[in-house]
Novice: 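Here you go, one structure.
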Amino acid sequence: MGRDTIADIITSIRNADMNRKGTVRIAYTNMTENIVKILLREGFIESARKHQEKHNYFFVLTLRHRRNRKGPCRNLLNLKRVSRPGLRIYSNYQRIPRILGGMGIVILSTSRGIITDREARLEGIGGEILCYIW
């Protein structure tokens, strides 16, 4: 059985956000590095540091702080895995879904790397829909 690293990242971030953790530790791969760069650029996480223990690399992500910690438990970050190893979902640039009318982002794997839905529409390319973030 292969591992789904994207689903592992999404699950780790979602669980840390639900448990109100400030940081989360995820495995380092080239794909996770590109996804973390997108999350940083779009403002979903505050910072990311790359660490090494012996021969293993990993990221330590700092999640955005909540303003109202005493209120009900509301998730600040919503993530959904779309394409998975058992069922790949592809889309051309005209049919890429808009999340919350453009408030959220779609992360795509294209021939030009891992990019957001806005960049894919500007460049006129489609690809595999990896996940939704809002």
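Numbers for residues simply follow the sequence, beginning at 1.
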Novice: Tell me, with the steps shown, if Thr62 and Arg49 meet side chain to side chain contact (heavy atoms under 4.5 Å, CB included).
Specialist: CA-CA 9 Å; Thr62 304; Arg49 296 183 313 272; 3.9 Å; yes

Novice: Please tell me if the side chains of Ile125 and Ile115 come closer than 4.5 Å, counting only heavy atoms from C-beta onward.
Specialist: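 Yes; the side chains approach each other to less than 4.5 Å.
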
Novice: Residues two or more places apart in sequence or in another chain: which of them pass ring pair (Phe, Tyr, Trp, His ring centres under 6.0 Å) with Tyr57?
Specialist: none

Novice: Check Phe58 against Ile26 and note the closest heavy-atom contact, atom names and distance.
Specialist: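 So the two residues come closest at CB-O, 3.2 Å.
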
Novice: Does Arg64 pair with Glu46 as a salt bridge, N-O distance under 4.0 Å?
Specialist: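 No, no charged N to carboxylate O under 4.0 Å.
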
Novice: Between Leu63 and Thr23, is a side chain to side chain contact (heavy atoms under 4.5 Å, CB included) present by the stated rule, with each step listed?
Specialist: CA-CA 6 Å; Leu63 302 177; Thr23 60; over 6 Å; no

Novice: Apply the test side chain to side chain contact (heavy atoms under 4.5 Å, CB included) to residues Ile35 and Ile6: give CA-CA distance (whole Å), side-chain angles for both, the deciding distance (0.1 Å), then the verdict.
Specialist: CA-CA 9 Å; Ile35 292 173; Ile6 299 170; 4.1 Å; yes

Novice: Is any side-chain heavy atom of Ile99 closer than 4.5 Å to a side-chain heavy atom of Ile105?
Specialist: no

Novice: Honestly, is Arg121 close enough over Tyr93, meaning NZ or CZ under 6.0 Å from the six-membered ring centre and within 45° of the axis?
Specialist: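 Relative to the ring axis of Tyr93, which defines the angle, Arg121 lies outside at least one limit.
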
Novice: Should we say atom CZ of Arg88 is surrounded by more than 12 heavy atoms from elsewhere, each under 6.0 Å from it?
Specialist: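 Yes - once you tally the heavy atoms of other residues, nucleotides and ligands closer than 6.0 Å, there are more than 12.
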
Novice: Check this for me: does any side-chain nitrogen of one of Arg118 and Glu42 sit under 4.0 Å from a carboxylate oxygen of the other?
Specialist: yes

Novice: Is any side-chain heavy atom of Ile10 closer than 4.5 Å to a side-chain heavy atom of Cys131?
Specialist: yes

Novice: Which heavy atom of Ile133 sits nearest a heavy atom of Leu79, and at what distance?
Specialist: CG1-CD2, 3.9 Å

Novice: So, are Glu128 and Arg84 salt-bridged, with charged N and O less than 4.0 Å apart?
Specialist: no

Novice: For the residue pair Val82 and Tyr132, establish whether any side-chain heavy-atom pair is separated by less than 4.5 Å.
Specialist: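 Val82 reaches Tyr132 side chain to side chain.
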
Novice: With a 3.5 Å distance limit and no angle check, can you tell me whether Asp17 reaches the backbone of Leu77 through a side-chain donor-acceptor pair?
Specialist: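 At least one qualifying donor-acceptor pair exists.
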
Novice: If you draw a 6.0 Å radius around NZ in Lys50, do more than 12 non-hydrogen atoms from other residues or ligands fall strictly inside?
Specialist: yes

Novice: Side-chain heavy atoms nearer than 4.5 Å, only ILVMFWY residues, links allowed to pass through others: does that put Leu40 and Ile114 together?
Specialist: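 Looking at the clustering, Ile114 is in the same group as Leu40.
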
Novice: If you measure from CG on Leu130 to OG on Ser109, what distance do you get to the nearest 0.5 Å?
Specialist: 5.5 Å

Novice: Using a 4.5 Å cut-off on heavy atoms from C-beta on, say whether the side chain of Arg81 contacts that of Thr11.
Specialist: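 Side-chain contact under 4.5 Å: no.
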
Novice: Please check if the side chain of Gln52 supplies one atom and the backbone of Lys54 the other of a donor-acceptor pair under 3.5 Å.
Specialist: yes

Novice: Identify, with sequence neighbours excluded, every residue that meets ring pair (Phe, Tyr, Trp, His ring centres under 6.0 Å) alongside Phe59.
Specialist: Tyr28

Novice: Please give me the minimum heavy-atom distance between Ala48 and Val36, naming the atom from each residue.
Specialist: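 Ala48 and Val36 have their closest heavy atoms at CB-CG1, 3.5 Å.
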
Novice: Please report the C-alpha distance between Met31 and Asn34 in whole Å, then the side-chain angles of each, then the deciding distance to 0.1 Å, and finally whether the side chain to side chain contact (heavy atoms under 4.5 Å, CB included) criterion is met.
Specialist: CA-CA 5 Å; Met31 186 172 287; Asn34 293 331; 5.6 Å; no

Novice: For residues Gly104 and Leu100, report the shortest heavy-atom separation together with the two atoms involved.
Specialist: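 The pair with the smallest heavy-atom distance is N-CB, 4.4 Å.
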
Novice: Under a 4.0 Å threshold between the charged nitrogen and the carboxylate oxygen, would Glu119 count as salt-bridged to Arg41?
Specialist: yes

Novice: Measure across Ile96 and Ala120 and return the closest heavy-atom pair with its distance rounded to 0.1 Å.
Specialist: CD1-CB, 3.8 Å

Novice: Taking atom CD1 of Ile129 and atom CG of Leu108, what is their separation to the nearest 0.5 Å?
Specialist: 6.0 Å

Novice: Hey, is Asp8 close enough to Arg3 for a salt bridge, meaning N to O under 4.0 Å?
Specialist: yes

Novice: Is Val106 linked to Leu87 within one hydrophobic cluster, defined over Ile, Leu, Val, Met, Phe, Trp and Tyr using a side-chain heavy-atom separation of less than 4.5 Å?
Specialist: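 The answer is yes; both residues are in one hydrophobic cluster.
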
Novice: Rounded to the nearest 0.5 Å, what separation is found between the CG atom of Asp117 and the CD1 atom of Ile107?
Specialist: 9.5 Å

Novice: Ala16 and Val24: which non-hydrogen atoms are nearest, and at how many Å?
Specialist: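 Where Ala16 meets Val24 most closely, the heavy atoms are CB-CB, 3.9 Å.
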
